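Here the structure is a predicted model, which means the values were calculated and not measured. Every chain is numbered from 1 and lettered A, B, ... according to where its sequence line falls, protein lines coming before strand lines.
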Amino acid sequence: MDASLVSEPVVLLGFGAAAVNAACALRAEGYAGRITVVTDAGVDPYSPVLTSYYAGGRIERDACNPWADLDLAHVVDDVRAHARIESLDVAAHEVVLENGDRLRYSKLLVATGAHPIAPGFPQVEGYTPLVLRTMADAVRLRDALTSERCRDVLVSGTSMVALKVLEACLDRGKRVTLLGRSSHILRASAHPLVAQRFEEELVARGVELRLRQTVRGAEPADADARAEGGLLVTFGTGEAQRFDEVVLAQGVEPNLDFVPRGALDADRGLIVDRFMRTSAPDVFAAGDVAQALDLSTGAPRVIGLWQNAVQQGRCAGRAMAAELAGRLPTRPYPGSIPRNVIHVGDVLFASVGLPAEDGRRRIEVRESPSALRVLIYEERAGQDALVGFNMLVMRQVADRREFDSEVGARFREIMKSYLRQGGDGS
Amino acid sequence: MTSKTLSFDAGKCVGCYACAVACMDQNDIDATAGQQMYRQVMHYENARAGEVRVTHVSLACMHCDAAECLDACPSGALRRDAGSDAVVVRRELCIGCHACAMACPFGVPRFGRDGTMQKCDACYARTRFGLAPACVDICPTGALSYDDVNAAMAGKQARFGKSFAR
Ligand SMILES: Cc1cc2nc3c(=O)[nH]c(=O)nc-3n(C[C@H](O)[C@H](O)[C@H](O)COP(=O)(O)OP(=O)(O)OC[C@H]3O[C@@H](n4cnc5c(N)ncnc54)[C@H](O)[C@@H]3O)c2cc1C
């Protein structure tokens, strides 16, 4: 590293799980220099996972900061809040902010997370559909859901976030329509058999499902009372339906618009090595912007999960501290696999690994009146190995107890299947 | 950081459930109302050379050093108690997302009827005043102990050494 850079601060772009854990790891490893955080949100960090609980009224704003106990002011020297990052100059080791400020860095962590995308939803003059990622999004959604005029909500998308939004709407007593292009909900994580059963449970709870459908058009329902009248949405089937609010939850993309094309190796996120180093010297990436090792395929992939952001941030923090102290980093990021638990009311769903079938896989279905399990096996290293797992539990308390011990055990079993193969899923 | 640790010696456990009962009493657990037990006692039979041996095991949260549940919890409900080093849950912050259940290698997290996670907190309310955890206090055989880390390690080493004597 250029000697003039050594006295520059470590700059963390973003103030979410990845950045907070990087900051804590830098300090735990003995880094005593300056740490500067840049965030386009406020000084008080929050967890995106909690936003739907806030919007649905289960928790208050104070509870959205999972680090409230931690004295972050003693960890981080300087928080540039409400500051948007304009561009990054990796050659000059500089970050340029929207207000023109330039920040030089000794080490940089890109941990700016992701933002919702809304491909294909028509623009409606005077109405901005709701989304859910940031605290500001959550405040808007909460306001909308607590408004008396809001009774019918269209949730566009069938992802994990869409289901979390759906739960928030149900908590607020709204009528919800869930719209998706695909044949089933949770296309990436649920086997069709499990997805179908989940869908039946949603319908039983009053949710209207519009699967294999698209939106053809949307317009204000009442030209005279635009703000009050809601939207008239026309579906691909030709049917039209009125909604008071529309929430788009169709997927996310990493926040990387400030990275000049070609400055860092990127695919769907920034490509990183096992110490979260990007292709540019002294630039690291972690969390929802980073394409790190996915053990289930052996290839780098963005797996946008809280625990991954925590562990990648910590790994990056340790590696930055080691390099700044003239040492080689030692504890690499071990990789992870896709996994999730979702609850909507009293229905619990878990997925681990890859629940998709293909010719090489054997599927086992275990069904009881209150639980459905799908186990997916594949021959790996000469053995029949569990590579995917879904479990859906309805109501009965006994099965919910099994759920808690079983999901952890299946997660570990599937991790072992992939690790046995050396992380190479091919 | 505490210098004491909770250990279990299966060689001394007779499976009497005193630990589980003391734990229920200490934590006001009403199992009949659907509350989860924090400490579980298990019994395993192992037939070898015509002889059946029964092993009793008393298990609760391990309060791991690198606790996966702490990394998985997105709400700050799980934290490490600075005084005792125990991993404790603040149920008022738990959103019932079950991420800890997925992460825990020992199947410890359980959820109550209110949807929040419940587990052993190593009786940090007792240990901070110099008392042993309730399960240790009651254990009639010394299978559960709460000792200085080095003393616990010395005991473990002695048991390992003894295993060579046939
Ligand atoms: C509703 C919802 C529910 C979820 N539920 C779960 C769940 O149950 N389990 C799970 O594992 N994961 C869940 N996730 C995903 C999880 O929240 C993320 O994987 C994780 O929070 C990523 O952390 P991060 O630090 O990478 O990003 P973030 O927490 O998004 O932090 C990004 C930071 O960058 C800042 N930033 C972004 N762009 C700029 C810019 N241009 N200039 C300045 N600052 C910028 C932001 O203000 C923020 O501080 C959920 C996400 C959502 C939205």
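Residue pairs meeting the side-chain hydrogen bond (donor to acceptor under 3.5 Å, both in side chains) criterion with at least one member in residues 12-22 of chain B, sequence neighbours excluded, are Tyr17(B)-His43(B). Annotation: side-chain hydrogen bond (donor to acceptor under 3.5 Å, both in side chains) contacts involving residues 123-133 of chain B, sequence neighbours excluded, comprise Arg126(B)-Asp137(B).
A donor-acceptor pair shorter than 3.5 Å cannot be found between the side chains of Gln307(A) and Asp71(B).
When Cys104(B), Gly115(B), Cys100(B) are compared by the number of non-hydrogen pairs under 4.5 Å with chain A, Cys104(B) comes out ahead. Contact count versus chain B (heavy atoms, under 4.5 Å) is highest, among Asn308(A), Leu70(A), Ile59(A), Leu348(A), for Leu348(A). Taking Ala101(B), Ala77(B), Pro74(B) one by one and counting their heavy-atom pairs under 4.5 Å with chain A, the maximum is reached by Pro74(B).
For Ile95(B), the parts lying near chain A are the backbone and the side chain together; criterion is any non-hydrogen pair under 4.5 Å. For Arg314(A), the part sitting under 4.5 Å from any heavy atom of chain B is the side chain, from C-beta outward, and nothing else. Both the backbone and the side chain of Val341(A) come within less than 4.5 Å of a heavy atom in chain B. In this structure, no portion of Glu92(B) lies under 4.5 Å from any heavy atom of chain A.
Without hydrogens or angle criteria, Asp25(B) side chain to Val21(B) main chain gives no donor-acceptor distance under 3.5 Å.
One finds a salt bridge joining Arg58(A) and Glu167(A) here, because a Lys/Arg side-chain nitrogen approaches an Asp/Glu carboxylate oxygen to under 4.0 Å.
Separation of the His56(B) and Tyr44(B) ring centroids does not fall under the 6.0 Å cut-off.
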